[in-house]
Amino acid sequence: MPELPEVHTIAVDLNKHLSNAVIKSIEIKNNFNKKIIEVTRISKNIVLELSSETFLIFHLAMTGRLLIRKSDRPNDDWERIILTLAKNGKTGQLRFCDTRMFGKAEVIKKEMINKLKSKYGPDILADSLSPEEFLSVLVAKRTNIKNALLDQSVVSGIGNIYANDLLWMSKTHPLTKTNSIKIAKAKELLNNAKEIIKEAILHRGSTLSDKMFVDAFGKYGTHQNYFRVYDQRNCKNCGTKIKFEKINSRGTYYCPTCQVLKQ
DNA sequence: ATGTTTGTTCCGAT
DNA sequence: CATCGGAACAAACA
């Protein structure tokens, strides 16, 4: 049982030999042996529930990928973490890849799950989210509607692409102050948000021109072919040239004819 | 070369 | 003290 002198001895040796060494990869050997019980989602986190009340959480951020691969398949681009798995007598891998390194992976215990959930506002797909609650969380964030929609602690699950399309579909200017929104508009925004998100799920997500997003099998999504205003030139409703500007430092597309700022 | 990017967090300003 | 907004994180691409 190492006490201070033993720990000190090791720390000094490690410091002498390893300071300035670069960690190229990390391998976790065997006997982790936890089973993946179920995979779910909390906001934009992918949650692997493991045995013994342990959870493995991945956040893909902008460029993360999780790929199901055969173990002998050649390396993928930008591999960061490889899990080797056994199921029904066969082995395979789950590969977490990310070019920009904005993605995250962490292991947490069950009691931290509630803390994770508490960071987020109501999930946009939750049946329990009423228009009244939706409106009240938006209004509580005293800013413009686009900024509020993108704040995951206000309402969780809407990203920049879908916020643009949602505001276009709801004929709402992105700079509309949340406190000027009425319940009828909140209803419209909520219904349209659910419709857009569900449609994009049916299309298995959006893959932009950088080809970064792929599903767990490496296949592209198709929802980019159904964008309403994001990355579009002309309004699909009236033909007006779509405006592009940075709002809260995020690329924002809107139709100046259909989405008039009124307040 | 510079500007852009699907997300989130942190820090300074208000 | 609470809240907001922008910079930063890092890499690839046009």
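We name chains A, B, ... by the order of the sequence lines, and we start the count at 1 in each one. No experiment lies behind these values; they were computed from the predicted model shown.
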Open item on the list: Can you tell me if Phe102(A) is stacked onto the base of dA10(C), using a 5.5 Å centroid cut-off and an angle below 30°?
Closed with: no

Open item on the list: OP1 or OP2 of dG7(B) versus the side-chain N and O atoms of Lys44(A): is any pair under 4.0 Å?
Closed with: yes

Open item on the list: Under 3.5 Å, is there a donor on one side chain and an acceptor on the other for Lys44(A) and Ser156(A)?
Closed with: no

Task: Pairwise P distance for dG6(C) and dT4(B), with rounding to whole Å - done: 15 Å

- [ ] Check the surroundings of atom NZ in Lys187(A): do more than 12 heavy atoms from other residues, nucleotides or ligands lie under 6.0 Å from it?
- [x] no

Task: Arg41(A)/Asp123(A) salt bridge by N-O under 4.0 Å criterion - done: yes

Open item on the list: Within the 4.0 Å heavy-atom criterion, would you say Phe227(A) contacts the bases, only the backbone, or no part of the nucleic acid?
Closed with: nothing

TODO: Between dG3(B) and dA7(C), how far apart are the C1' atoms? Round to whole Å, please.
DONE: 16 Å

Open item on the list: For dT3(C), does the base pair up with any side-chain atom of Arg142(A) as donor and acceptor (N or O, under 3.5 Å, distance only)?
Closed with: no

Open item on the list: Below 4.0 angstrom, which residues in residues 206-214 of chain A have at least one non-hydrogen atom near DNA chain B?
Closed with: Leu208(A), Asp210(A), Met212(A)

Task: Any donor-acceptor N or O pair under 3.5 Å, side chains Lys34(A), Ser52(A) - done: yes

- [ ] Determine, for Phe58(A) and Lys104(A), whether the Lys NZ or Arg CZ falls below 6.0 Å from the six-membered ring centre while staying within 45 degrees of the axis.
- [x] no

- [ ] Compute whether any side-chain donor of one residue and acceptor of the other, for Thr54(A) and Lys109(A), lie under 3.5 angstrom apart.
- [x] yes

Task: Full working for side chain to side chain donor-acceptor pair (under 3.5 Å) between Glu245(A) and Tyr253(A) - done: CA-CA 7 Å; Glu245(A) 61 188 83; Tyr253(A) 299 82; over 6 Å; no

- [ ] For Lys246(A) and dG5(C), give me the distance from atom NZ to atom P, rounded to whole Å.
- [x] 16 Å

Open item on the list: Side chain of Arg100(A), heavy atoms from C-beta onward: which of dT9(B), dT4(B), dA10(C) has the nearest atom to it?
Closed with: dA10(C)

Open item on the list: With a 4.0 Å cutoff (strictly under), does any side-chain N or O of His59(A) reach OP1 or OP2 of dG7(B)?
Closed with: no

Task: Whole-Å distance separating the OH atom of Tyr220(A) from the C1' atom of dT6(B) - done: 15 Å

Open item on the list: If you compare every side-chain N and O of Trp78(A) against the phosphate oxygens of dA12(C) (OP1, OP2), does one of them come in below 4.0 Å?
Closed with: yes

Task: Interatomic distance where CG belongs to Asn144(A) and P belongs to dC4(C) [whole Å] - done: 11 Å

Open item on the list: If only side-chain N and O atoms count, and only distance matters, is there a donor-acceptor pair under 3.5 Å linking Tyr120(A) with Asn45(A)?
Closed with: yes

Open item on the list: Just to be sure I understand the geometry, which residues of residues 151-164 of chain A put a non-hydrogen atom under 4.0 Å away from DNA chain B?
Closed with: Gln152(A), Gly159(A), Asn160(A), Ile161(A)

Open item on the list: Strictly below 4.0 Å: does Arg250(A) bring a side-chain N or O up to OP1 or OP2 of dG6(C)?
Closed with: no

Task: Separation of atom CD in Glu245(A) from atom P in dG3(B), rounded to whole Å - done: 19 Å

Open item on the list: Can you see if the side chain of Asn147(A) gets near the phosphate of dG5(C) - specifically, an N or O under 4.0 Å from OP1 or OP2?
Closed with: yes

TODO: Examine dT8(B): is either OP1 or OP2 under 4.0 Å from a nitrogen or oxygen in the side chain of Lys104(A)? Give yes or no.
DONE: no

TODO: For DNA chain B, produce a single dot-bracket line, 5' to 3'. Pairs: Watson-Crick or G-U wobble, both distances under 3.5 Å. Symbols: ( ) within strand, [ ] crossing, | other strand, . unpaired.
DONE: .||||.||||||||

Task: Inter-nucleotide P distance (dC11(B), dA10(C)), Å rounded - done: 15 Å

Open item on the list: Quick one: does any side-chain atom of Asn144(A) pair with a main-chain N or O of Leu175(A) as donor and acceptor, under 3.5 Å?
Closed with: no

- [ ] Rounded off to whole Å, could you give me the NZ-to-C1' distance for the Lys177(A) and dG5(C) pair?
- [x] 11 Å

Task: Atom pair distance, as rounded to whole Å: CZ in Arg80(A) and C1' in dA10(C) - done: 9 Å

Task: Ser206(A) and Tyr230(A): side chain donor to acceptor below 3.5 Å - done: no

Task: Sidechain N-carboxylate O distance under 4.0 Å for Glu79(A), Arg65(A) - done: no

Task: Distance in angstrom units between Leu150(A) CG and dT6(B) C1', rounded - done: 11 Å

Task: Interatomic distance, Ile247(A) CD1 vs dT4(B) P [rounded to whole Å] - done: 15 Å

- [ ] Test salt bridge (charged side-chain N to carboxylate O under 4.0 Å, His left out) on Asp98(A) and Arg80(A) and set out the steps.
- [x] CA-CA 7 Å; Asp98(A) 190 8; Arg80(A) 306 298 179 191; 6.0 Å; no

- [ ] With rounding to the nearest 0.5 Å, note down the distance linking CZ in Arg100(A) to CH2 in Trp78(A).
- [x] 12.0 Å

Task: Proximity to the side chain of Thr99(A) - top-ranked nucleotide from dA11(C), dG7(B), dG6(C) - done: dA11(C)

- [ ] Ignoring backbone atoms, establish whether Thr63(A) has a side-chain N or O less than 4.0 Å from OP1 or OP2 of dT6(B).
- [x] no

Open item on the list: Under 4.0 Å, heavy atoms only, any strand: does Phe244(A) hit a base, just the sugar-phosphate, or nothing?
Closed with: sugar-phosphate

